[in-house]
Amino acid sequence: MSLVYTGVLSHAPGITGRAHMVENVEKRDEFYSALESQRQDIVNSGAEAIIVIAAEHFANFFMNNMPAYCIGISENYEGPIEDPKWLAIEKTQIPGAPDLGKRITRSVMETVDVSYSEEWKFDHGIMVPLNFLTPRYDIPVIPVNINCQGPPLTPLHRSWAFGEALRRACDAVPEKIALVGTGGISHWPATPDSGKINEAWDREFLDKLMRNDKDSLLSYSDEDTYRDAGQGGFEIRTFITAAAAAGGKGDLHFYTAELPIFAVGCTVASFSLS
Ligand SMILES: [Fe+2]
């Protein structure tokens, strides 16, 4: 088995960029320490590369040619695309894993029509997770995008199928691979409702996710998600893909809605692999 770690974590620019503006410092530090434990778990897994399943924010993929899924196969990447001062993450080069990325892409293509790219500038959706999980950028990264942004969005059941295809692909290569899905759950970024979090909705979703209850997870309609969880809620695709790749039950290490300055419910979880 080559998939050695699977988990999920939240991303939002405020998690790094507005760290100094937090009122509940204790809760912030509890969140950061859950992320540090996730980093340790990934290191302890012996992972030689990390697949980051992210939700892009119109930094690389646009409405002239929007892929349902994309895998990065570049030698290296640059990020963040945003102002480093605003995000509080220095611009840097991140090593990729082109050979491994191509083998995984070939395997996924057997069942899912994935696109791939040798050019990709990382936005906060990838840089914020990497800032905590590989702060020295010493684990090669394979970025993966699912269209959570520009409707028509990738259907949830296809996100699930993509996760299963990624799992088969990982298990077919000798390298040890960690996989994380990163998104918000409910959140309303870049809208007048930014900072709002639907905690009840988040907790219900996380309960389904931790039980890895496929039918419940795939039963959300985009209309309901938009109403209850905002346009940021469409990013549940990244969490669902990670659950499908893992196959096992989840373990919720951290969740709070008490850091509204981060404008997202802050989540850290891992899955057992089956
Ligand atoms: Fe996002």
Side-chain angles (χ1 to χ4, degrees), residues 7-19 31 35 38 50-63 66-70 72 77 79-84 86-89 94 120-133 141 143-154 156 159 162-163 179-199 201-202 205-206 209 220 222 225-226 228-243 254-257 259-269:
V8 295
L9 72 164
S10 300
H11 71 246
I15 292 172
T16 49
R18 292 197 283 273
F31 175 40
L35 290 165
Q38 189 170 43
I50 180 164
I51 294 176
V52 181
I53 300 171
E56 239 260 340
H57 310 85
F58 292 120
N60 298 268
F61 307 108
F62 305 101
M63 296 309 280
M66 180 65 77
Y69 331 86
C70 188
Y77 303 91
I81 199 167
E82 296 95 340
D83 176 8
W86 177 73
L87 195 60
I89 298 177
I94 301 100
W120 200 317
K121 290 202 165 44
F122 291 172
D123 71 8
H124 70 271
I126 293 181
M127 291 307 292
V128 169
L130 292 185
N131 177 71
F132 293 96
L133 301 183
V141 174
V144 171
N145 187 60
I146 300 178
N147 177 19
C148 305
Q149 191 78 358
L153 305 174
T154 309
L156 296 187
S159 302
F162 184 48
L179 180 152
V180 293
T182 176
I185 319 182
S186 69
H187 65 309
W188 285 256
T191 74
D193 284 330
S194 181
K196 181 171 140 189
I197 295 163
N198 185 343
E199 181 175 357
W201 193 91
D202 282 359
F205 174 78
L206 286 172
L209 190 74
Y220 288 90
D222 284 345
T225 299
Y226 184 74
D228 299 332
Q231 93 280 13
F234 294 147
E235 293 181 350
I236 57 173
R237 285 158 175 76
T238 64
F239 284 21
I240 287 173
T241 299
F254 185 84
Y255 173 81
T256 187
L259 295 166
I261 193 77
F262 288 172
V264 70
C266 298
T267 310
V268 180

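Each ligand, and each atom within it, is numbered from 1 in the order the structure gives.
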Practice task
Find, among atoms of Glu235 that are N, O or S, the one nearest to the Fe ion (ligand 1), and state its name.
Solution key: OE2
Handout entry: Which N, O or S atom of His57 lies nearest to the Fe ion (ligand 1), by name
Key = NE2
Practice task
Quick one: sort the Trp120 and Tyr77 rings into parallel, tilted or perpendicular, breaks at 30° and 60°.
Solution key: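 If you compare the ring of Trp120 with that of Tyr77, the planes turn out perpendicular.
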Handout entry: Contact check: His11 to the Fe ion (ligand 1), N/O/S below 2.8 Å
Key =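 Short answer: yes, at least one N, O or S atom is under the cut-off.
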Practice task
Answer yes or no: are there more than 12 heavy-atom neighbours, outside Tyr226 itself, under 6.0 Å from its atom OH?
Solution key: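 Open: at most 12 neighbouring heavy atoms sit under 6.0 Å from OH of Tyr226.
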Handout entry: Student check: side-chain heavy atoms of Ser10 and Ile15 closer than 4.5 Å
Key =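 Yes, their side chains come closer than 4.5 Å.
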Problem - Test item: Leu87 and Val128 side chains (from C-beta on) under 4.5 Å apart, heavy atoms - result: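 The answer is yes; the side chains approach within 4.5 Å.
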